[in-house]
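Note sheet for the following structure.
Convention: sequence-line order gives letters A, B, ...; per-chain numbering from 1.
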Amino acid sequence: MDRKEEILLISGVNVRKCMRCGKCSGTCPNYDEMEYHPHQFVYMVESGNIEPLLKSESLYKCLSCFACVERCPRDVEPAKIIEAVRLSAIRQKGANHIKAENVPELIDEDTPQQLLMSVFRKYSK
Amino acid sequence: MQEVKDRAKQLLADGTVNRVVGWKAGEFSYDITPAVFTSAEEIDKDFIYNDFCAPNLSKYLIKESRKEGKLLVFLKPCDTYSFNQLLKEHRILRENVYVIGVPCTGKVDIDTVRAMGFQGITGMESDGENVTVHTLYGDKTVLKADTLGDKCKTCKSKKHVVYDELIGEDGEVNTDGARFELVEKLEKMTADERFEFWRGELSKCIRCNACRNVCPACSCENCVFDNPASGIQQRAAVNSFEENMFHLIRSFHVAGRCTDCGECTRVCPQNIPLHLINRKYIKDINEFYGDFQAGEDTETRAPLNAYTFDDCEPGIVYSRGGNE
Amino acid sequence: MQVNGEFRPLIVAFCCNWCSYAGADLAGTNRLNYPADVKIIRVPCSCRVNPMFVLRAFQRGADGVILCGCHPGDCHYTSGNYFTRRRMTLLFSMLDFMGIERERTRVEWVSAAEGAKFAKTMNEFCEAVAKLGENKRLEDLRCKK
Amino acid sequence: MHRIGVFVCHCGTNIAATVDVKAVAEAVREETGVVFSADYQYMCSEAGQTLVQDTIREQRLTGVVVCSCSPRMHEATFRKAAAKAGLNSYMVEIANIREQCSWIHKDMVSGTEKAIILARAAIAKVMLNTPLTPGKTPVTKRALVIGGGIAGIQTALDIAEAGFDVDIVEKQPTIGGKMTQIDKTFPTLDCASCILTPKMVDCAQNEKIHIYSYSEVESVTGFVGNFTAKIKRKARFVDEKKCTGCGECVEKCPMKKVPNEFNLGLDNRKAIYIPFAQAVPKVATIDANYCLMKKNGKCGLCSKVCGAGAINYDQQDEIIEEKYGAIVAATGYNPIKIDKFDEFAYSQSPDVITSLELERLMNAAGPSNGTLVRPSYLSKQDDHEAHPKTIVFVQCVGSRSTECRKGSKEYCSKICCMYTAKHAMLIREKYPDTDVYVFYIDVRTPGKLFDEFYRRAVEQYGVHYIKGMVGKVSPRADGKLDVQGSDLISNEQLHVTADLVVLATAIEPDKTARSIGTMLTASMDTNDFFTEAHPKLRPVESPTAGVFLSGVCQGPKDIPETVTQASACAAKVVGLLVKDELTGNPCVAHSDELMCNGCSACEKVCPYGAITYSDKEFRQPDRTVAIRRVASVNPAVCQGCGACTVACPSGAMDLNGFSNSQIMAEVDAVCR
C-alpha cells in the first residue's frame, strides 16, 4: 500500500470532498506555528505530495482541537488527515517523535505529569 | 392456555365483540385449523391455543372485519406484522377488530417431525420443552426445539407490533440475520447448482394454489392468475416453466410486502421451501435499499413503491460477485 | 435459432417511447449496425414493463431480454425509471438466484441522443447472449415450433 | 371479427433496398385477421394516404398496420388519415421497418425476416386495440397565483394582460415580497422600489387582477382546468374597503415596541401598521399579538381616530372558495437561520448581520434612514464610532455545505456573489474611507454584465477580494470584531479588525412551500424546491398538469431571471386558459373495480396524483353486498406512463393503448 492509500485508510477521509475554501486554515488557532496548514495537508495528501508533510514539524504542531473538523462545510475532517499523516510517520520504525530518554529533559516543575504522559502516548507508537 | 380462552369469553360476554377468530383442532391434535367462534360454549368446546397453532389468522380479517360488529382476533408476534401490512394496504377495517397479542415460543412443524423419521403419527403433545409423538408404533419424546420448522428456528421477532391488549410478556425483535442463512447458502452455489436446486424443488409443484391461498400478502380480490386480461391466466401446467413462472410472479407481487410469516412453506403439500424465494427478496431489499421489514409499521412506503436518486443500478446483480 | 449452422439469439428489447426508442431511431438514421436478432417493443415508459413481460418473453423462447429507458433523472414522467430500476434490480437478482444466466438480462439507460450507445449496447448484448447459447432454462417447450 | 389491412412502404429505396417489401406483404397476408395487404412506394404521400383511406372503406377495415418509418415520424399522419376514412385513429399501428430494420441491417434475408416479425407484432397488437376517444374537460378561465413577490406580480400582470382573471394570494399584508426590502439591484444599481412599486400599483389597478393580501391557500382540489381552491383571508381587524391608508391610526397607536419584520427586527413598529409607505393594498393591519385592545380589551385609540370607521376588532377569518383553470406557485424564499453557525458570532454581536439586514441599513426608508451605521450604534448615529470603517463580507454562509451542519444547504444560492459585489461597491462609493474585505471561495458571476460588474468592484472601487474563508469572528470588549480567516493565495492567516461583518446567508424555499406542494400534488426535491416537469425543456411547469412554477420556489435565481421565468410561466398559463376545453390523451390508465384491492400501491407510484380512492358497494357471489375501497383514475390528470400498472398486484390497473394483453401479444408474436 502506498502512503496516500495508507493515510486515507487510517483517516477514513475522502479528500476529494474538499472544495478549497480554506475555512479550516482560517479557523486554525495554531496556524502561525505550522509550516503546512490544514488545507495544505488535505491538498497535498490528495495530490500524493506527502514526503514534505512527513518531514515537517507541522505534524506535531496540530493541537487536535478539531476546530477545522467542526467548521468544514464539506465535512472533510482535516484534523483526521493530519492525525493519519502523523501516525503514518511514527509507525515507521524508529520514527517516534518523542523517545523515552528525552522525557526527563522536558520536565520542568510547571509541566503537569499528565501532559507529558499524553504527549508521549500521542507522539510515539 | 386457559387465560386466552377466559379473556375471549369475557369479551364476548361484555359485548365488546360478537365473534372470536381463533384456532381449533382438525382431524389430528397437531392439525390445527382457524375457526370463528360466536359463543362461550363453542370456545369451551373447541378453542385451542398451544404449540401447534401455527396458522396466521390475519388474512381472514379481510373478509371478517367487513362483517357486522366487532370481532376479536388472537395474533402471535409474527402474525401482527401481517396484520399491520394489511392495515397499511387498507384491507382490514381496524375499528372492527380487537387484537389480543399472544406469546409464541415457536410452533411444532409436522413436516420437520416427519423428517425426523416418525411414521404413522396419530397425535402429538407438547409441554413447552418436549414434544411427545404418538405413533402407531408407540410413543417417543423429543426436544421441542428440534421439531420447529425453518420459519420458527430462525424466528424474526417475538415482539407484537400492533395489539389492543397483550397476554404474557412482549419479546424482542431478532436481528441476528440467521433467517438468511439458507438463502446465503444457495447464493454461494454455482448458477448450475442453483438451477438444479430450484428445478428440483419447483418441479414438485402441483399448482394446488395452497401457498397463494394462505399467504396474507396474496390477498387480491381477484388474482392475476385468474384474470383473463392479464395474459398469464392459469392453465394446465405442462412443464416446469409454468411453475417457475407462477412462483416468480407470485413472489415478485409480494416483494416488499411479504412479512416473512412462512405460511407458504408450512402449507405446501409438496414441502417446497417457498419462503426462501421471499427471503431472497427481503435480503436483497435490505442490502440494496436499507433494512426494511414489511408490516413493522403502517406508514413506511413499500420499497418497490419508493426510490432514491442514487439507488444502485440493476448491474449490481452482475458485479456484486458470487457464483455465476 | 440456428441460421446457416450458426446460433443466433432472439433478443427482446423493451424501449421507452421518449428516450430509448428515439435513440434506436437515431441509430437507424445514422446507419449504425446491430444484429437483426434484436426486436424492439415500444412502451410509453420503462416503468410500464411488467416483470411478467420479461418472463413471458423468456417463456416463449427469447434468449435475452433488455430494457432501455431514459437516464435516471431524465424520465419524461419524472420518476418512472426510478421504479424500473428497483423492480428490475430485484427481478434480475431473483432470476440469478434461480440459476438463470446473468447475461440474459440487462437494463441500459439510453437517451434520445445516444444512437451510438444504443447500437453498441445491442451489439454487446447480442454477443454476450450468443455466447451463452440457447435459453433452455426458461423456455416453455410447447411454444417451440 | 377483425378485418386488418397491412400496408408496406418502400420509402423509395430506403426500405426496399434491404427489405423485400413484396415478400413482407405476401407473408402477412396469411396472418389471422388480415384481409388486405399491399406494398406501395411512399405510404406517407398523398396517394399513399388515399390508398389507406380507400381500402378502409372498400374492405371495411377494423384495423390498419402500416409498415414504414418510425411511429415517431408518421404515426400521427396515418392516424389522421384513418380518422378521415371513418376508422378510429387508435386502430392504427406502425411497424418500424425503416429506422429499426432496413437502415441498420445490410442483409436482405435477415432484414426481410425481421420486417415480417415486426409486422406480425403490430398485427397482434392491433387485434387487441380498442377504439379510444380522447376525453374533453372544460377550462375555468381564471388563474391563481400563490405568492405576491416579484415573481407572482409579473406572472399575474402578464396573464391579466392576455385578458384572463388572476387572483394573487399573499400571506403578508402587502404584495411585493423580498424585493421591497432590497435597496438597489445589480448590475444596474437602480433602486428596487423605484422599479417594483409601479408594478405593484399596476396590479392594484388592473381590473383583471384581484389581490388577496394577508391570506393563505387552505386547500386545493381538482385537476388541470378545474381546480377549486379555498383561500383563508386572515382577520386584519381593519375593513379593507373602508381603510384609506391615511396612517392616522398608526400615528396614535400607543404600542410602539413591536419588532418590525420589514426591517428584519432592526427597529420597531406599532401594533397597527402599514408595512411600508408604498404597500399594496395600502391598508392598515392590526397585529393581534400586540394590540392592547385585542389582548385585554383596553385602548381602542385607533378606532377613535379612524375617520373612515374601518377598524373592526371583531373581524373573523373568512374562507372563500374560487375555481381556477391554472395555479402558479410563486412562494419565494427566505434566508436560512444562522444561529447554528456560531463561529460567525451572529447571535453574540449586533454588528454581525446578514446581507438582507444590510440592505435595510443602506435603504433610505430603513431604520437608519439610509446612513450606513453599525447596528450597535443605531440609537446614537452621531457618535463618531457609528460609521463602520472596516467591513468584512463572508461568502457562502450555509451554502455549498454538506449535511454536516443542520440547516446548511448543499446548493449554491446563486445570488450572493453578485449582491455582495453590489454592497461592496455601493459602500466604497458612498464612504470611500471604508475598507471592504470580501472572503470568497469562488466568485460566480455568469450573466449579462455580471462579471464586468464584479471586476469593477475590484478594479475601480478597490474592494479587497480574498480567496479564502473566514474561520472565526470574535467580538471584542470594545465592540469591534476580530475576524480570522485564511488567505489561500498568499498562504497566510489573516486577522482583520472589523466594525461590521456581513454574512452572505444561504437562501431556502419559504416554509409554506412544502404544504402548498402537497396541496397541489406537485413534486418537490429534497431541498423543498418545486420540481419542474422537465429540467431542460419544461422548466416552468410542474409535472402536475395545470400547476406552474414562477421564481425562486423552483430554484435560486436573481431578479432578472425571476422575471424571465415569471413571464414564461404566464405564457404557459395563458396557453392553457385560452383553450375552451382540454383534449386528453386517451392512452391513460384505468382501474377495473372488480379486481381492485384498494391497496394504494398505484397511488404511491403515480407522479401526477391522478389516482383517488372511494368506497363502493359490490354485490358478492353469495348475493351479499360488501363495501370495498377501490381506485379510480382521473383521465384528465393521468399522463399514461404506466407505473401504476406494474405496481398493481392484482392486474386491476391497465393502460389504454399499451395494455397488458397488447404488450404480451407483441412479445408472443416476436418470439413466435
Side-chain angles (χ1 to χ4, degrees), chain B residues 183 186-187 189-199 201-202 224 230-232 237-242 244-249 251-253 255-256 276-278 280-281 283-285 287-289 302-320 322-324, chain C residues 46-47 49-61 65-69 71-75 78-109 121 128 132 135-144:
Chain B
V183 175
L186 278 164
E187 284 172 342
M189 292 181 179
T190 64
D192 291 343
E193 285 167 343
R194 284 199 297 271
F195 179 69
E196 284 308 320
F197 173 84
W198 284 114
R199 187 165 70 170
E201 290 294 345
L202 294 179
V224 268
S230 71
I232 50 161
V238 172
N239 78 341
S240 59
F241 185 80
E242 281 289 299
N244 288 345
M245 177 119 162
F246 171 75
H247 291 293
L248 276 169
I249 292 177
S251 60
F252 190 84
H253 278 182
L276 294 183
I277 306 180
N278 300 325
K280 168 67 178 168
Y281 273 125
K283 184 168 177 283
D284 276 351
I285 288 169
E287 284 170 11
F288 296 153
Y289 312 120
L304 275 169
N305 295 340
Y307 61 86
T308 63
F309 296 128
D310 39 18
D311 280 339
C312 58
E313 293 293 329
I316 194 169
V317 176
Y318 324 112
S319 59
R320 71 178 154 179
N323 281 309
E324 295 216 0
Chain C
S46 60
C47 71
V49 180
N50 198 311
M52 293 192 310
F53 305 158
V54 177
L55 296 173
R56 174 68 151 237
F58 280 127
Q59 181 192 22
R60 291 300 162 95
V65 177
I66 181 165
L67 248 89
C68 298
H71 285 268
D74 285 350
C75 176
T78 30
S79 54
N81 50 8
Y82 289 121
F83 294 117
T84 309
R85 185 159 70 176
R86 283 201 169 188
R87 289 167 183 163
M88 292 306 143
T89 304
L90 290 176
L91 179 72
F92 293 174
S93 175
M94 179 51 67
L95 288 174
D96 176 48
F97 186 63
M98 292 267 174
I100 312 309
E101 301 90 336
R102 291 173 187 178
E103 291 80 5
R104 291 198 192 278
T105 49
R106 187 159 166 185
V107 168
E108 200 65 54
W109 312 122
T121 304
L132 293 176
N135 164 30
K136 289 213 170 60
R137 291 184 176 172
L138 269 174
E139 186 187 8
D140 188 338
L141 294 170
R142 289 172 311 161
C143 300
K144 279 191 92 179

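The candidate from T89(C), V107(C), L91(C), I100(C) with the greatest count of non-hydrogen atom pairs under 4.5 Å with chain B is T89(C). Per-residue counts of heavy-atom pairs under 4.5 Å with chain B were compared for W109(C), F92(C), F83(C); the largest is that of F83(C). Each of L90(C), T84(C), N50(C), L67(C) has some count of heavy-atom pairs under 4.5 Å with chain B, and the biggest count is that of L90(C). Ranked by heavy-atom pairs shorter than 4.5 Å toward chain B, the options M88(C), M52(C), E108(C) are led by M52(C). Taking P72(C), S79(C), G99(C) one by one and counting their heavy-atom pairs under 4.5 Å with chain B, the maximum is reached by G99(C). Across C312(B), A306(B), A255(B), P303(B), the residue that shares the most heavy-atom pairs under 4.5 angstrom with chain C is A306(B).
Proximity to chain C (any heavy atom under 4.5 Å) is restricted, for F252(B), to the side chain, taken from C-beta onward. If you measure heavy-atom distances from L276(B) to chain C, the contacts under 4.5 Å come from the backbone alone.
Looking at every heavy atom in both residues, S46(C) comes nearest to C68(C) through CB-O, 4.2 Å.
In this structure, Y307(B) has its ring center at least 6.0 angstrom away from the ring center of Y289(B).
One side chain, D311(B) or T308(B), offers a donor N or O that lies under 3.5 Å from an acceptor on the other.
Side chain of R85(C) to main chain of F309(B): a donor-acceptor pair is present (N/O by atom type, distance under 3.5 Å, no hydrogens or angles). For E287(B) (side chain) and D284(B) (main-chain N/O), no donor-acceptor pair under 3.5 Å exists by modelled atom type.
A salt bridge between E187(B) and K280(B) is present, with a side-chain N of the basic residue lying under 4.0 Å from a carboxylate O of the acidic one.
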